[in-house]
Amino acid sequence: GDVLSESVIRLENVSYSYGDKQVLKDINFSIERGMFMGLVGPNGGGKTTLIKIILGLIKPDKGSIYLLDKPIETFKDWNRIGFVSQKANTFNKGFPATVFEVVAMGLTAKIGYLRFMRKKHKEKVLDAIEQVGLSDYAYHNIGNLSGGQQQRVFIARALVSEPKLLILDEPTVGIDYKNVERFYDLLHELNVKKNLTLLLVTHDTGAMTEHATNVACLNQTLHFHGKSEEYTALSAEYLSEIYGYPVQVIVHDHD
Ligand code: ADP
């Protein structure tokens, strides 16, 4: 493995306001290669805004951003950063595209419109489908899959361009408890076996802290940025202070 730690994301003194409402204040935040970072915090704490800044969708009022050690202003390797949004999970029954076709869309960003799909592209698509455990469904219509399976398809679509970092925004919303566990198992596997760096935005701190290596807790400022074990060791009182309302520390046990 790599001896030197390499930062995948680094934010220095980043601040952001919508009009005169300050949402982010002096954020210093980093994700090193191989981390599984859980980003948590109360509603309205600025998580989505931070993700938009990292994806280059909005510019901070001040501060610097580095992606894969390059200043965001000159960063070009956008296909190395995958993004799966909460709203991805919205295909209806009968939607006329197969799993294979949806995952193949992840390649078009890289090689342009696919008039001719070469064998190596087809293999990449099937490999990504295999990585999320959906090989048996490759030629099924996506609309006929469960919410949890559809979310896996979107992960596969992000994986097909071989990202170094995968950002997931509330990916477990609308997925039932049992499938949420399987979903976290998949993320854990991608993190450990494929050395994929993950940034997961979630309000589901219980299940997340079992699998994430690191946690950042955001409410305008970063109240916590460290190892997952250290976060779970924080007292309920301290977390309630950060959140502004009582928080129970729940650690799910499962074997
Ligand atoms: P989170 O994702 O943690 O819930 P957000 O980044 O979505 O937090 O929002 C942070 C704050 O910024 C909230 O108070 C929200 O109302 C406000 N906000 C978000 N988007 C906008 C916008 N486009 N214009 C004005 N205020 C916004």
Side-chain angles (χ1 to χ4, degrees), residues 8-31 35-67 72 75 78 81-90 147 151 154-155 158 165-175 180 183-184 187 197-228 230-232 234 236 238-250:
V8 175
I9 295 177
R10 201 164 83 242
L11 273 68
E12 291 173 0
N13 296 310
V14 165
S15 295
Y16 189 83
S17 304
Y18 293 104
D20 52 16
K21 184 186 162 79
Q22 185 157 39
V23 174
L24 298 174
K25 194 177 171 202
D26 293 324
I27 305 294
N28 288 292
F29 172 77
S30 64
I31 302 183
M35 277 185 180
F36 179 168
M37 172 73 73
L39 177 60
V40 297
N43 248 329
K47 300 184 292 299
T48 308
T49 304
L50 189 74
I51 298 299
K52 283 182 180 167
I53 286 175
I54 290 168
L55 292 173
L57 300 173
I58 55 178
K59 272 200 181 128
D61 304 329
K62 69 178 190 74
S64 314
I65 300 143
Y66 300 87
L67 300 173
I72 196 167
F75 183 74
W78 288 105
I81 299 187
F83 177 61
V84 176
S85 78
Q86 175 187 347
K87 291 187 188 76
N89 195 2
T90 54
Q151 197 58 288
F154 292 109
I155 300 229
L165 168 73
L166 186 60
I167 300 175
L168 304 119
D169 188 6
E170 297 275 10
T172 58
V173 167
I175 300 178
V180 167
F183 188 75
Y184 277 109
L187 293 184
T197 307
L198 297 171
L199 170 58
L200 174 77
V201 179
T202 184
H203 61 271
D204 176 20
T205 51
M208 179 274 294
T209 48
E210 282 177 59
H211 300 292
T213 58
N214 295 71
V215 175
C217 182
L218 180 66
N219 190 11
Q220 193 184 54
T221 60
L222 262 193
H223 289 267
F224 179 86
H225 186 217
K227 291 202 168 121
S228 178
E230 291 162 10
Y231 182 76
T232 46
L234 294 176
Y238 181 77
L239 287 174
S240 301
E241 238 169 74
I242 295 175
Y243 277 74
Y245 54 82
V247 173
Q248 262 185 304
V249 182
I250 301 165

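Just follow the structure's listing: the first ligand is 1, and inside any ligand the first atom is 1. Keep in mind it's a predicted model, so treat the numbers as computed, not measured.
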TODO: Give a yes or no answer on whether the side chain of T213 reaches the backbone of F36 with a donor-acceptor pair at less than 3.5 Å.
DONE: yes

Open item on the list: Could you tell me if the side chain of N214 sits less than 4.5 Å from the side chain of I31, heavy atoms only?
Closed with: no

Tell me which donor-acceptor pairs under 3.5 Å the side chains of residues 52-67 have, and how far apart each pair is, sequence neighbours excluded?
from, atom 1, to, atom 2, distance (Å)
D61, OD2, S17, N, 2.8
K62, NZ, D26, OD1, 2.8

> Are the side chain of K47 and the backbone N or O of G41 linked by a donor-acceptor pair below 3.5 Å?
Replying inline: yes

Point to revise | H225/F29 under ring-ring contact (aromatic ring centres under 6.0 Å, His included): CA gap, chis, key distance, verdict | key: CA-CA 7 Å; H225 186 217; F29 172 77; 5.2 Å; yes

Distance col, row Q151:CD vs L168:CG, nearest 0.5 angstrom, shows 7.5 Å

Show me the short polar-atom pairs for ligand 1: any N or O of it lying under 3.5 Å from a protein N or O, with distances only.
from, atom 1, to, atom 2, distance (Å)
ligand 1, 2 (O), T48, N, 2.9
ligand 1, 2 (O), T48, OG1, 2.6
ligand 1, 3 (O), G45, N, 3.2
ligand 1, 3 (O), G46, N, 3.0
ligand 1, 3 (O), K47, N, 2.9
ligand 1, 3 (O), K47, NZ, 2.9
ligand 1, 4 (O), G44, N, 2.7
ligand 1, 6 (O), T49, N, 3.0
ligand 1, 6 (O), T49, OG1, 2.5
ligand 1, 8 (O), G46, N, 3.1
ligand 1, 14 (O), K21, NZ, 3.2
ligand 1, 20 (N), Y18, OH, 3.4

